[in-house]
Amino acid sequence: MPQRLLAPGLGLLLLVLLESSGLGTVLANHGLDLLFRLRGPRQPDQRIVLIGIDEPSLQRHGAWPFARELHARLLDRLHQARAVGFDFLFPEPTTGDDRLSRAMAAGPPVVLTLARAYDGRLLAPATTLAGQAGVGHVETMLSGDGIVRRFHPEALTGVPTFARALLEAAGLAAQAPAGGPLIINFYGPEATFLFLSYADVLAGRHPPDFFRDRLVLVGARAVGLGDTHVTSFTRQHPTPGVEIQATIVANALERSYIRPLPLAPALCIGAVCVLALFVWPVTGERLNLALNLGLVVALVAAALVLFTSHRFLDFLPVLTVLFFTYLAHLFRQLLWAAGRILGEVRRLARELDAGLQQVCTNIPARFIRAPGRDRALTVASIQRHLDRLQAAINALSLQHHFLDDLLKKELPPLILWERTSGRPIFANTAFVEFWRRFTGEASPPLPASATFRAAIGNDPAEADPDAAPAGADPAAPCVDVEVRDDSGLRRHLQVRRHRLQATDVPFSGTLAVFQDVTELKELERVKDEVVSIVSHELKLPLTTILGYGEMLAMTLDGAPRQYAGEICSQTRRLNRMIEDFLDIARLESGRQRVRRYPFPPRRMLEDAIAGVAPRSGAKDIDIVLERPERTSPLVGDESLLLQAVLNLLDNGVKFSPAHTTMTLSLVEEPEQFVITVADQGPGIPAAERQAVFDKFQRGTQTGGAEGFGLGLHLVRQIIDLHGGEIEAVEAEVGACFRITLPKRSDSEVEDVQCKGGETGDADDGGG
């Protein structure tokens, strides 16, 4: 127990040294500044307006001090203010005092200031001035570092503060807390309050109604006038003295002076001493470190929360005592552990010496002198044992070289991780070479299991052997990766991970095995190219046939013209089939790049309706658009989604009877958009609602309309690429298709509201 008193004793001694040397006050001031910065600026009271004598005012009205005639004219402009305070002195009588006195008597209540001179004299307003409502002092307190943080209401005995005199004159008296200096609750850096130029107000650039029922403070703002001070918020741009007085006035109005909590630091330091006495000595250092860090975070958070409630918890001395007390505790623990280790080393050394002596004395000399006896502990028997051990080592070495050669040279890339920790246990040469090419580093470290999954883009939704329970046999996740060999050619590898459970030793791991699928990928590429070439080669003769067919249709009459029209119709049908086939091939092969950008969904729907307008107009089909007035942006490939909606509308026009109505609706839900296309055609039987989305599949109730069964398949491919769903739902009349698109994006997207029926920036900004 006496040893435990070392750490808290040193901490309390440090606290005494801080208070006696004045460093405690320095820490308190720095803690106060830090809390101001953490809290940040706040909005001041809008009833307070500052009129500053700035550089333009000096240029217009001459050098300082101004003639009191100007101040009288200024008061004439402020006759609707609730009260006016001049934050500069009028110690000497001058001409114009009568004019200023009449203005003060006739206008709103006016408060003048007084202050103590450097020689101790009290500089009060001149006796030739009259009509003011009161006088107050503007004395503030400078800390040792030259920063204004506090003021003393009783700095001048019998004289109220400027803020109190101003509020009493305005009929808004607020009682300041008693008990010595008060901490000023600053609202922000320079110019946090509303500043108006003295010259602008005097020139009448602000209407008198602007100052109605407001407290107006007039003071110096120009840097050359010298009435500036450094505050807790800034050390580079000093704050004018009149703004500091305005802050004191606002604090009195809102009763928001910062009140210190003198007992709270003492209680916190007592808690630190309790930890040093009863918790740290019996707890592990990792837990102690976590506990201390949590205490630091809690103390800073509590200080910040209290500060927002206008209370100051002096936390920096507490943190200082905590830091040095814990250092003293660690030093004591280090000395104690070093003593224990030294004693243990000496004990082990004695036991080792005793054991060696016992081994040497237990070997009988006759065993050494009588070779040939295997049971005796002789040099020959020891040598034979050593020879057998060497033979076993050679056998194990041969086995090791065989397995090593097999794993490194004959097998594909593979790596083994320990399942619980994810640390790599083994990787063959092929994997090391693959990982070097994949990362682009000369000698990269072997990846942990989580690092490897993140690097190759493994989908966490897939079956994961690492997360599988013991005894389970999940399907091995398969991921495709691409690297380049030494010649620069692309190699496609397929990665499968398997659960490895050893039976004879307590080991559970995950094995990743690679398979070269470059040839399969090449075959897929060749297939796609063949499809693309054949499709494109078909388009040129079709275009020629369509052109000549249209020419024949325009020149022929009767049955020949009808035949030419049928040729054109079938040619267009075949051309549409090729276009859909190409689109599907591009989507399925991954060559079609999906560009995801935010855009207003109503624009896409309106474009889709415009795209089918000629065909719907020919059949007198009315397409009704139902959408909300305002939506969030839809993130996706606008051109692909437009094509999907166009296909659904085109199908509806194709299969719907003439003189009917189609409905295109958009609904925004919290997590998704829902687009619905409904027509009044023959509809889709329930048994066919899934099959119609397959390639070359058409419903049975087509009404004789032509088609190849590719349009709906293309729509499903587009929606799948966007992570959405499409389904044919039950409808009372006709067919109804519903598309759901999730609200998600790979990039950060601003929450822009899209307003329907407008084309301004607010709507199209996300396009």
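Below, all heavy atoms of this structure are taken into account, side chains as well, without hydrogens, waters or symmetry copies.
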Which value, rounded to the nearest 0.5 Å, describes the distance between [X] atom [atom1] and [Y] atom [atom2]?
| X | Y | atom1 | atom2 | value |
| --- | --- | --- | --- | --- |
| Leu552 | Arg561 | CG | CZ | 11.5 Å |
| Ile609 | Met604 | CD1 | CE | 10.5 Å |
| Ile719 | Ile675 | CD1 | CD1 | 7.0 Å |
| Phe210 | Leu194 | CZ | CG | 4.5 Å |
| Leu648 | Ile739 | CG | CD1 | 5.0 Å |
| Asn651 | Leu712 | CG | CG | 5.0 Å |

Chi angles and distances behind the side chain to side chain donor-acceptor pair (under 3.5 Å) call for Ser508, Arg499 | CA-CA 8 Å; Ser508 178; Arg499 176 77 176 274; 3.1 Å; yes
Salt-bridge criterion met for Glu727 and Arg716 (N-O under 4.0 Å) | no
Check ion pair Glu669-Lys743 (N to O, under 4.0 angstrom) | no
Between the side chains of Gln680 and Thr661, does any donor sit under 3.5 Å from an acceptor?
-> no
Side chains of Arg627 and Thr631, donor plus acceptor under 3.5 Å | no
Tell me the closest heavy-atom pair linking [X] and [Y], and the distance in Å.
| X | Y | result |
| --- | --- | --- |
| Glu668 | Ser632 | OE2-OG, 2.7 Å |
| Trp417 | Gly422 | CD1-O, 3.5 Å |
| Ile425 | Glu418 | CG1-N, 3.5 Å |
| Phe431 | Leu414 | CB-O, 3.4 Å |
| Pro189 | Pro41 | CD-CG, 4.4 Å |
| Ala448 | Pro424 | CA-CD, 4.2 Å |

Min side-chain heavy-atom separation [X]-[Y] under 4.5 Å:
| X | Y | result |
| --- | --- | --- |
| Phe693 | Val715 | no |
| Leu666 | Val674 | no |
| Leu741 | Leu634 | yes |
| Val612 | Leu646 | yes |
| Tyr187 | Phe233 | no |
| Arg596 | Asp637 | no |
| Thr663 | Val677 | no |
| Phe599 | Val635 | no |

Could you go step by step and tell me if His722 and Leu641 meet the side-chain contact (heavy atoms from CB on, under 4.5 Å) rule?
-> CA-CA 9 Å; His722 287 78; Leu641 292 174; 3.8 Å; yes
For residues 612-625, pull every pair meeting side-chain hydrogen bond (donor to acceptor under 3.5 Å, both in side chains), keeping only residues two or more places apart or in separate chains.
-> Arg615-Asp650, Asp620-His659
Can you tell me if [X] uses its side chain to pair, donor with acceptor, with the backbone of [Y] under 3.5 Å?
| X | Y | value |
| --- | --- | --- |
| Trp435 | Glu441 | no |
| Thr660 | Ser656 | no |
| Asp679 | Ala735 | yes |
| Gln46 | Pro44 | yes |

Counting heavy atoms not belonging to Arg423, are there more than 12 under 6.0 Å from its CZ?
-> no
Residue Glu626 excluded, over 12 heavy atoms near CD under 6.0 Å = yes
Give the intermediate values and the outcome of side-chain contact (heavy atoms from CB on, under 4.5 Å) for residues Leu664 and Leu649.
-> CA-CA 8 Å; Leu664 174 61; Leu649 291 177; 4.2 Å; yes
Output all residues satisfying salt bridge (charged side-chain N to carboxylate O under 4.0 Å, His left out) with Arg205, sequence neighbours left out; order by chain, then residue number.
-> Asp200
Would you check, one step at a time, whether the test side-chain contact (heavy atoms from CB on, under 4.5 Å) holds for Met662 with Val653?
-> CA-CA 8 Å; Met662 292 179 58; Val653 172; 3.8 Å; yes
